[in-house]
Number of protein chains: 2
Amino acid sequence: MSATRPTMEDVAARAGVSRALVSIVFRGVAGASPATRERVLAAAADLGYQPDRRASRLGRARTRMIGVVFHLGHAFHGDLVDSLYVAAAESGYELVLSGVTARRPEEEAVRALLGECCEAVVLLGSALPARALAELAARLPTVSVLRDVRADGVDVVRTDDTAGLRAAVAHLHGLGHRRVMHADGGRAPGAAQRRRGYRDAVRRLGLPEPPLLPGGLTEEDGARAADTLLALPPGERPTAVTAFNDRCALGLLDAVRRAGLEVPHMLSVVGFDDIRAASYAHIGLTTIRQDADALGRLAVGRAAARLDEGEPPGRPLVVPPALVVRSTTAPP
Amino acid sequence: MSATRPTMEDVAARAGVSRALVSIVFRGVAGASPATRERVLAAAADLGYQPDRRASRLGRARTRMIGVVFHLGHAFHGDLVDSLYVAAAESGYELVLSGVTARRPEEEAVRALLGECCEAVVLLGSALPARALAELAARLPTVSVLRDVRADGVDVVRTDDTAGLRAAVAHLHGLGHRRVMHADGGRAPGAAQRRRGYRDAVRRLGLPEPPLLPGGLTEEDGARAADTLLALPPGERPTAVTAFNDRCALGLLDAVRRAGLEVPHMLSVVGFDDIRAASYAHIGLTTIRQDADALGRLAVGRAAARLDEGEPPGRPLVVPPALVVRSTTAPP
DNA sequence: GGAGCTGACTAGAGCGCTCTAGCAGAAGAC
DNA sequence: GTCTTCTGCTAGAGCGCTCTAGTCAGCTCC
């Protein structure tokens, strides 16, 4: 509390050196003798001095800050942010988070970031129109993670959703399933690609192609998909379902089980993402794992490449997903 | 992209006015004629000028920033952050988020915030030792949300967990349950209070007091509690369970249902928090609702009162919870 | 013993804003 | 017609840092 926080000036005065020397010590660059360095550090500790990063960034030519727009409430975004923190630290960048919530739209989150002078932005699962993204990309390097978008100047880092769903269907086919349905993600980022992967695989394997189950991002959407499924005449019921994502799969699982269908014996279910909950022992959801670490690293990598090496926006970076077999799939 | 972002100077030159006038216009204070104001705004729009908030905060005496430490992955923290955003905007503050993840400990999150020069910090469900909190509070107004802690100078904003659990037990008692167990939260913030509420109620109502079920914060912990419960000899099995939180309740629900117990007829379950998933139609979890909006508003209110009115840290602010009856509770 | 280093340190000009003081010039008071 | 009061605007000194361009000892080297 006290009056105001101590500044570099105060530390300098106490250590009996110039302000510049204190700066040298705190930036950890060469130019101070070990003895002085220690004296400065001691003075700083006495005063409880903490460098003001805002001022430091102002004085510096570069801010080395990357803005991140993420959705509070999307569990997978949490995993991504974790990996972004690590990757950013490795490349000497700092993250500034801007959350999207029920009452804080994405536009607002982006606007806030622009005012903070970050050098690049990483958008997780952005729902902004391509035009808005292109506009943003015209101002500063922009990386869209999870969402594949063709917008001028926008870098894309995403999972190979199509391959993921193909792998899911192939896995089910390998188990002997013939009638596989897909709980669709609608307009969610990645949904179109997963839909395509599902259709590709079903056709390629010569399986019947039943209509899509209307699903979505949340457990509730999954439960709705289950209702649709359960309403089907027995002959048309699938023996396996691929879901848009894990949350959807979890909701679906819950609902079909309560309707008396045994999983995996009467119905196999495959999710997408591999969120934490999927691996819980009592759930054991077979799923397509998105590699959050790779996605985060590539996103920061793209931003850094454009900032540090002056690279132009590149083609989409696509991370292969991995099938994780647990206990919600079995032969029909 | 281009060279560098335009500054106030550029806007001033283009509009043919002084830098100070541009500042006046952008701060929205009196002192510029409508005509000039418009001219400045037009020039700024032409240039794509965006004021640099870092510089603006440097120049200003106060930064009006509140730091928020939250856990990515705790769904309820998302609700709180949403409400904090709203409350902060209302009191003219800005939020700066610092996330806690698997690989980014709370200490690190706090440290980052100190460097950003926020005027106060709000910690959601902090797990820091009381000493560390007191130290932090010695530097700047500190509000602990969800976690009740007796540390010098630390403001606390929390739900009346004890009352919540009393209400849960009373509800079950009212339905005719006699044997009610509690899936405990261990060392999680609020767990001790909820445990106390449970015990209070059970004693007061003259119910038997069985041992606690070891639970925790996550679905997995809930499933583990279910295992313990299911392993009980039939005579000792409860007819109802109160869970530390919703996620724990959900995990428990899932596990007991799969073991063949019908909910609510064979077992009633009450959660805590009222996270989004609790209200999903297919789940319909009876729970104790924490008022995220009130918690957020009070947290910002405390910070603002200390900053703006110079108030000293006050006594804990306790928000009453509310019982939300859905479909996981019924007479035994 | 002077040139040329090097290592340790300082002065001072920014960075992009804010904000106090102050200055013209028009309007109103008497 | 002078004096005040406003309105609309500008000059310029910060805010707490960074960083370039020094200064100044104390070396080595021939």
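Just so it is clear, the values below take in all heavy atoms, side chains as well, and ignore hydrogens, waters and symmetry mates. Every chain is numbered from 1, with letters handed out A, B, ... down the list of sequences.
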Open item on the list: Both A:R60 and A:L21 contact DNA chain C. Which one's nearest nucleotide lies toward the 5' end?
Closed with: A:L21

Open item on the list: Taking the basic N atoms (NZ, or NE/NH1/NH2) and the acidic carboxylate oxygens, is any pair closer than 4.0 Å for A:R64 and A:E94?
Closed with: no

Task: Residue whose nearest DNA chain D nucleotide is more 5′ - A:R54 or B:V17 - done: B:V17

- [ ] Look at all strands and tell whether A:A32 reaches a base, only sugar-phosphate, or nothing, counting heavy atoms closer than 4.0 Å.
- [x] sugar-phosphate

Task: Contact under 4.0 Å: A:S18 side-chain N or O vs C:dA11 OP1/OP2 - done: no

Open item on the list: Measuring to OP1 and OP2 of C:dG7, would you say a side-chain N or O of A:S33 lies under 4.0 angstrom away?
Closed with: no

Task: Check: A:E106 and A:V69 side chains under 4.5 Å, non-hydrogen atoms - done: yes

TODO: Inspect the contact between A:R14 and A:D10 and indicate whether a charged nitrogen and a carboxylate oxygen are less than 4.0 angstrom apart.
DONE: no

TODO: Salt-bridge test for A:R147 and A:D161: reply yes if a basic N is under 4.0 Å from a carboxylate O, no otherwise.
DONE: no

- [ ] Could you check whether A:R19 gets within reach of a base, just the sugar-phosphate, or nothing at all, counting any heavy atom under 4.0 Å?
- [x] base

Task: Closest-nucleotide 5' rank along DNA chain D - winner of B:T36 and A:I24 - done: B:T36

TODO: Grab the two heavy atoms, one from B:T159 and one from B:V318, that are nearest each other, plus how far apart they are.
DONE: C-CG1, 4.1 Å

- [ ] Kindly write out the residues that satisfy side-chain contact (heavy atoms from CB on, under 4.5 Å) with B:L317, not counting sequence neighbours, or none if the list is empty.
- [x] B:V157, B:L298, B:R302

Open item on the list: Reading DNA chain D from 5' to 3', where do the contacts with chain A start and stop? Cut-off is 4.0 Å to heavy atoms.
Closed with: D:dG16 to D:dC19

